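Just so you know, these numbers use all the heavy atoms, side chains as well, and skip hydrogens, waters and symmetry mates. Computed from a predicted model, the values in this text were never measured in an experiment.
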Amino acid sequence: MASSLRIRSAPRWTAVLLLWAALCCLFVPVVMVKQHDFKKCDQSGFCKRNRHLADTAAASSSWTAPYALDAASITFKDGQLSGTVLKTPKEGGEKVRLPLTVTFLESGVARVTLDEEKRQKGEIELRHGSQARKERYNEAGKWALVGGLKVAEGAALSEKAEKGYTKVFYGEAGKHQAVIRHEPFGIEFQRDGETQVKFNDRGLINVEHWRQKVEKPAEEKKEGEEEKKEEEKKEEEEEEKGEDESTWWEETFGGNTDSKPRGPESVSLDISFPGYEHVFGIPEHATRLSLKTTRGGDGNYDEPYRLYNADVFEYEMDSPMTLYGAIPFMQAHRKGSTVGVFWLNGAETWVDVTKAKTSANPLSLGTKGHTDTQTHWISESGLLDVFIFLGPTPADLTRQYGELTGYTAMPQSFAIAYHQCRWNYVTDEDVKDVDRKFDKFKIPYDVIWLDIEYTHEKKYFTWDPLTFVNPTKMHNHLDKRNRKLVAIIDPHIKNVGDYPVIDEIKKKELAVKNKEGGLFNGHCWPGDSMWVDCFNPETIKFWKALFKYDSFKGTAPNTFIWNDMNEPSVFNGPEITMPKDNLHHGNWEHRDVHNINGMTFHNATYQALLERKKGEIRRPFVLTRAFYSGSQRSSAMWTGDNLAEWSHLEASLPMVLNQGISGFPFAGADVGGFFGNPSSELLTRWYQAGIYYPFFRGHAHIDTRRREPYLAGSPYTEIITQALRLRYQLLPAWYTAFHEAHTTGAPIIRPNFWVHPDDEAGFAIDDQLYVGSTGLLAKPVTKEGADSVSVYLADGQPYYDYFDYTTYQGKGHHTVPAPLEKIPLLMQGGHIIPRRDRPRRSSGLMKFDPFTLVVALNKEGSANGTLYLDDGETFDYQQGAFIHRRFAFDGKRGILTSTNLAEGSRTAKLDAFLKSMARVRVEKIIVVGAPKSWKGKKEVVVMEEGAKESARRKKVAIEFFEGKGKQADWAVVRDPKVGIGRGWKVDFLG
């Protein structure tokens with residue numbers, strides 16, 4: 001849901017004007033995002049100052065950063081180096097002391113933290129009588145970090161002293177090295193003796209230290225042009241000095257003034273990746289996977305990438321402007337190496353990206369040209385706190401980042417199936433009618449959603465008594481079909497009388513406060529509202545109680561929650577969000593925690609859903625729009641208020657891929673586009689693409705035409721239904737991919753560079769994807785009228801069409817037919833793909849269905865794959881109640897085996913689960929790329945452990961099919977009668 005219809009709360013007399021504006025839209029281009037609502041770098045004082053610093057440094061051949069590490073202050077103990085960096089202020093006076101800590105972690109990750117001594121000790125004065133904290137914000141790690149912080153016992157100072165430098169060896173076998181330059185202060189991070197990451201290589205480090213505001217004497221008022229010229233002259237003089245003080249003490253934008261009680265306090269640092277041409281990450285932006293440069297030039301950006309969670313409806317494509325979430329994690333990639341940085345800061349942040357190309361030297365044989373990617377990170381406040389990852393593989397980075405911030409939560413099985421939503425299903429009867437029609441047309445779905453209109457007068461935790469007359473009956477109706485309901489709950493709480501929720505919030509002061517310390521009032525969907533402050537532990541206790549069944553009456557165990565507008569969206573606030581000088585729990589300013597705010601809210605909702613009734617513990621499902629590093633532990637996300645346009649369909653793929661490699665893989669986009677009415681072709685193609693989003697939901701704006709799949713009409717309904725059934729057929733593969741993400745941090749859908757890290761030609765490819773470790777390679781159609789796609793293959797393995805086994809082989813691009821009814825999907829040789837082939841109405845009805853194993857042989861004639869299963873609902877898997885099997889086909893021996901990957905001893909929970917799954921079997925094995933020698937073969941030998949004596953060794957029929965043209969040969973073994981949770985083998989040569 002978007003904030004675009006905030007006009008709905010306007011007076012009725014505006015209706016004529018709105019109608020006139022709507023008519024005008026028929027004759028003029030539709031205006032997308034309102035750019036004037038959001039800052040450019042030049043309108044954000046600290047960004048402008050630091051960018052100006054970068055320009056000054058670049059223009060000077062003798063630029064030196066005024067920062068030096070005091071050698072006498074350096075100590076090293078227990079894997080941690082400490083010291084003091086001294087900053088020499090331009091205005092003179094005593095040097096500014098900046099405490100430095102460099103921590104070397106057992107995982108091979110390093111952490112660099114720089115603070116400011118005066119603020120740290122509280123030796124500053126706040127302006128305007130502010131109640132804000134004096135320190136730099138130092139609690140981001142409290143919300144983002146959950147592990148991976150064990151200090152390395154083996155880290156050691158270099159025994160060889162070198163004047164002006166301190167060196168530390170760390171990482172496995174001391175392969176990593178931090179070379180710390182004292183003056184000007186800088187650090188090089190090396191792996192195997194080669195520099196991978198550089199801090200302050202360009203001298204752009206900047207910690208804006210506290211200083212006393214000097215009140216200038218009042219000057220005689222000048223008028224007109226003379227005053228304007230005088231102001232311009234002052235600004236030019238300040239810029240020449242590099243000290244533009246115009247936004248040090250307060251800043252105005254969009255009619256709102258930020259009081260800045262602590263004065264200027266930004267932190268910035270240039271981070272370079274020598275020899276790396278591609279950098280990825282720092283979502284969320286509607287841009288390509290490989291990040292563009294931001295200093296102008298053909299096809300590049302003029303603005304830095306901005307990380308400042310905001311309600312941006314109808315966002316524009318190919319832009320570095322901010323969106324709803326922020327993950328300040330960037331990785332750089334080249335052949336043979338992946339490295340990265342995590343900028344742990346919750347304040348508004350801008351990131352410039354530039355690339356310096358070095359040509360090959362013709363006089364030096366064997367010397368190749370290379371590209372260095374240079375980045376400049378700028379945050380408004382807080383500590384300079386950076387983690388450095390030296391890889392060397394993409395999998396190493398996502399694992400190490402996940403160790404720090406947590407892996408994605410293991411969802412309930414329904415959550416990875418199809419979700420049906422719109423703003424709004426208008427009554428409880430409407431919900432039941434939609435549900436019945438999905439069944440009538442035999443279209444599978446698992447979840448139906450309710451937007452804000454279900455509430456009574458926009459009061460959350462209530463139901464509209466006229467439209468949702470009997471929510472309990474509605475829930476029971478859905479439950480009989482194993483379906484769920486998701487209801488929206490936002491952080492703005494209506495400030496109105498006779499509403500117990502707001503009464504309690506005001507009584508206990510559980511809402512965000514304004515700069516004076518009173519409860520903050522703003523406007524959102526309900527009108528006058530207050531915002532729950534989930535940084536406050538007492539607020540979380542209060543919030544958890546609201547979701548109990550006896551509090552949120554009309555809900556049931558099949559009710560789950562959607563958290564929207566949690567950037568937070570404040571309709572009358574600066575940049576449609578909260579004033580930065582508002583105060584949160586502990587008197588931290590909102591500016592310090594803005595990007596973390598949304599995560600605290602969905603974390604609280606996750607905790608609230610854990611146990612709504614005593615003893616009834618189920619895995620929660622929460623969807624969030626705003627997010628930060630660590631959000632993956634408790635929610636799914638979607639890309640917000642997109643448009644029903646082909647460009648938005650195309651952009652959704654790199655956006656969701658980027659979420660995956662940035663540690664938040666449970667991601668998706670609104671299928672069909674939120675705003676506008678898609679053509680039948682676009683809607684169909686979007687469903688065919690949406691089946692590859694980890695979070696798969698159709699959604700639409702309140703003013704759009706209804707577009708449930710059964711309304712599309714023939715042939716579109718049938719084609720969309722086939723796409724949905726493919727998603728359901730492959731749910732075992734998807735669930736296994738989720739388990740891998742949950743345990744290793746690996747993306748659920750993967751870009752080419754992540755799967756083929758040495759394939760330079762494929763590093764920037766972001767319009768096709770791999771599903772987990774399954775070898776499934778999808779290339780959705782994103783162009784209107786297309787009847788084929790060009791699929792890039794990064795290796796020499798055979799790739800088989802999923803549906804007819806047409807074979808494509810050879811590194812490079814291949815044309816794959818894609819008429820409207822065709823979904824381009826290939827299987828990479830060497831994989832075994834688990835699936836369930838029986839069409840059902842919902843995933844819950846598939847729980848005890850048999851499995852099909854598709855064995856796609858590689859050019860060596862072998863394949864392997866995995867399957868993970870648990871009850872899909874509880875946390876019993878944490879006590880060992882799951883099935884985890886490895887399937888392997890040995891081409892030389894002609895034997896397919898199933899072996900156990902589960903570690904640990906037997907538990908009562910495991911025994912109960914295995915008993916429940918005892919009758920679940922493999923009903924079919926399909927071998928694609930079967931050897932010609934199998935032609936004419938009638939039987940295979942099947943052996944199963946634990947079976948009765950008479951059934952341990954048996955013969956089962958096999959059919960061989962000869963492919964035509966480019967089709968591979970294939971063979972089918974039907975009903976080998978082996979349990980999915982048991983060990984067994986099938987001998988194809990016996």
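- Inter-residue side-chain proximity for W249 and P264 is flagged as met; some heavy-atom pair is nearer than 4.5 Å.
- K150 NZ: 12 or fewer foreign heavy atoms inside a 6.0 Å radius.
- Using a cut-off of 4.0 Å between Lys/Arg side-chain N and Asp/Glu carboxylate O, R262 and E589 are scored as salt-bridged.
- Note that K39 lies in the cation-pi zone of F253, set by a 6.0 Å cut-off to the ring centre and a 45° limit from the axis.
- Between K580 and E348 there is a salt bridge, since at least one side-chain N of the basic residue sits less than 4.0 Å from a carboxylate O of the acidic one.
- Using a 4.5 Å cut-off on side-chain heavy atoms (C-beta onward), S130 and S259 make no contact.
- S379 and W343 share a donor-acceptor pair across their side chains, judged by distance under 3.5 Å alone.
- A donor-acceptor contact closer than 3.5 angstrom links the side chains of Q196 and Y276.
- Geometrically, R211 engages W248 in a cation-pi contact, judged by NZ or CZ lying under 6.0 Å from the ring centre and within 45° of the ring axis.
- Between R136 and E116 there is a salt bridge, since a side-chain N of the basic residue sits under 4.0 Å from a carboxylate O of the acidic one.
- Put simply, the side chain of V168 reaches to within 4.5 Å of the side chain of L81, judged on heavy atoms.
- With ring centers used as reference points, F104 lies under 6.0 Å from Y170.
- With respect to D318 and R288, no salt bridge is recorded, no charged nitrogen being found less than 4.0 Å from a carboxylate O.
- Checking N300 against T293 by side-chain atom types alone, a donor-acceptor pair falls below 3.5 Å.
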**OP:** Determine, step by step, whether T294 and D352 satisfy the side-chain hydrogen bond (donor to acceptor under 3.5 Å, both in side chains) criterion, reporting the C-alpha distance in whole Å, the side-chain angles of both residues, the deciding distance to 0.1 Å, and the verdict.
**Re:** CA-CA 6 Å; T294 59; D352 261 317; 2.5 Å; yes
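- Although no hydrogens or angles enter the test, the distance criterion places no donor-acceptor pair under 3.5 Å between the side chain of T88 and the main chain of K95.
- Figure legend: cation-pi geometry between R111 and F387 absent, as NZ or CZ is not positioned both under 6.0 Å from the six-membered ring centre and within 45° of its axis.
- Between the side chain of R127 and the main chain of G263, no donor-acceptor pair closer than 3.5 Å is present.
- The distance from atom OG1 of T398 to atom CD1 of I661, rounded to the nearest 0.5 Å, is 9.0 Å.
- No side-chain heavy atom of D311 sits less than 4.5 Å from a side-chain heavy atom of T577.
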**OP:** Could you walk me through whether N50 and N206 pass side-chain hydrogen bond (donor to acceptor under 3.5 Å, both in side chains), step by step?
**Re:** CA-CA 8 Å; N50 282 283; N206 188 27; 2.9 Å; yes
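- Side-chain atoms of T247 and R49 form a donor-acceptor pair, as typed in the model, at a separation below 3.5 Å.
- Between H584 and H590, the ring-plane angle classifies as parallel under the 30° and 60° cut-offs.
- D258 has its side chain out of reach of P579: every pair of non-hydrogen atoms, C-beta onward, lies at least 4.5 Å apart.
- H585 and D533 share no side-chain donor-acceptor pair at under 3.5 Å.
- A donor-acceptor contact shorter than 3.5 Å links the side chain of N345 to the backbone of L383.
- With respect to the salt-bridge test (charged N to carboxylate O, under 4.0 angstrom), the residues R97 and D70 do not qualify.
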**OP:** Test D270 against H376 for side-chain hydrogen bond (donor to acceptor under 3.5 Å, both in side chains), laying out the working first.
**Re:** CA-CA 4 Å; D270 61 284; H376 186 197; over 6 Å; no
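- Using a 4.0 Å cut-off between charged nitrogen and carboxylate oxygen, R625 and E567 count as a salt-bridge pair.
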**OP:** Kindly indicate, with the supporting measurements, whether the criterion salt bridge (Lys or Arg N to Asp or Glu O under 4.0 Å) is fulfilled by K260 and E380.
**Re:** CA-CA 11 Å; K260 294 185 182 293; E380 182 177 17; 3.2 Å; yes
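- A distance below 6.0 Å separates the ring centres of Y308 and H594.
- When the shell of 6.0 Å around CD of E94 is examined, it contains 12 or fewer heavy atoms from other residues, nucleotides or ligands.
- For H128 and K515, the side-chain atoms include no donor-acceptor pair closer than 3.5 Å.
- Listed by first then second residue, pairs satisfying side chain to side chain donor-acceptor pair (under 3.5 Å) with a partner in residues 319-332 read E316-S319, not counting sequence neighbours.
- Using cut-offs of 30° and 60° on the angle between ring planes, the pair H278 and F280 is parallel.
- Using a 4.0 Å cut-off between charged nitrogen and carboxylate oxygen, R306 and E575 count as a salt-bridge pair.
- D581 has no carboxylate O lying under 4.0 Å from a charged side-chain N of K513, or vice versa, which leaves the two without a salt bridge.
- Within the 4.5 Å cutoff, no side-chain heavy atoms of V85 are placed close to those of I205.
- Judged purely by distance below 3.5 Å, without hydrogens or angles, the side chains of S272 and Q374 never pair a donor atom with an acceptor atom.
- For the side chain to side chain contact (heavy atoms under 4.5 Å, CB included) test with I327, the passing option among F342, Y628, Y401 is Y401; the others fail.
- Residues F185 and F199 place their aromatic rings such that the two centres sit no closer than 6.0 Å.
- The CH2 atom of W377 lies 7.0 Å from the CG atom of L307; values are rounded to the nearest 0.5 Å.
- Under the 4.5 Å side-chain criterion, counting only non-hydrogen atoms from C-beta, F535 is in contact with I596.
- Donor-acceptor pairing under 3.5 Å is recorded for the side chains of E208 and S266.
- Remark: K40 fails to qualify as a cation-pi partner of Y301 under the 6.0 Å distance and 45° angle criteria applied to the six-membered ring.
- Donor-acceptor pairing under 3.5 Å is lacking for the side chains of S629 and T405.
- Put simply, the side chain of Y606 does not reach to within 4.5 Å of the side chain of R633, judged on heavy atoms.
- In this structure, the separation between CG on L269 and NZ on K198 is 13.5 Å, given to the nearest 0.5 Å.
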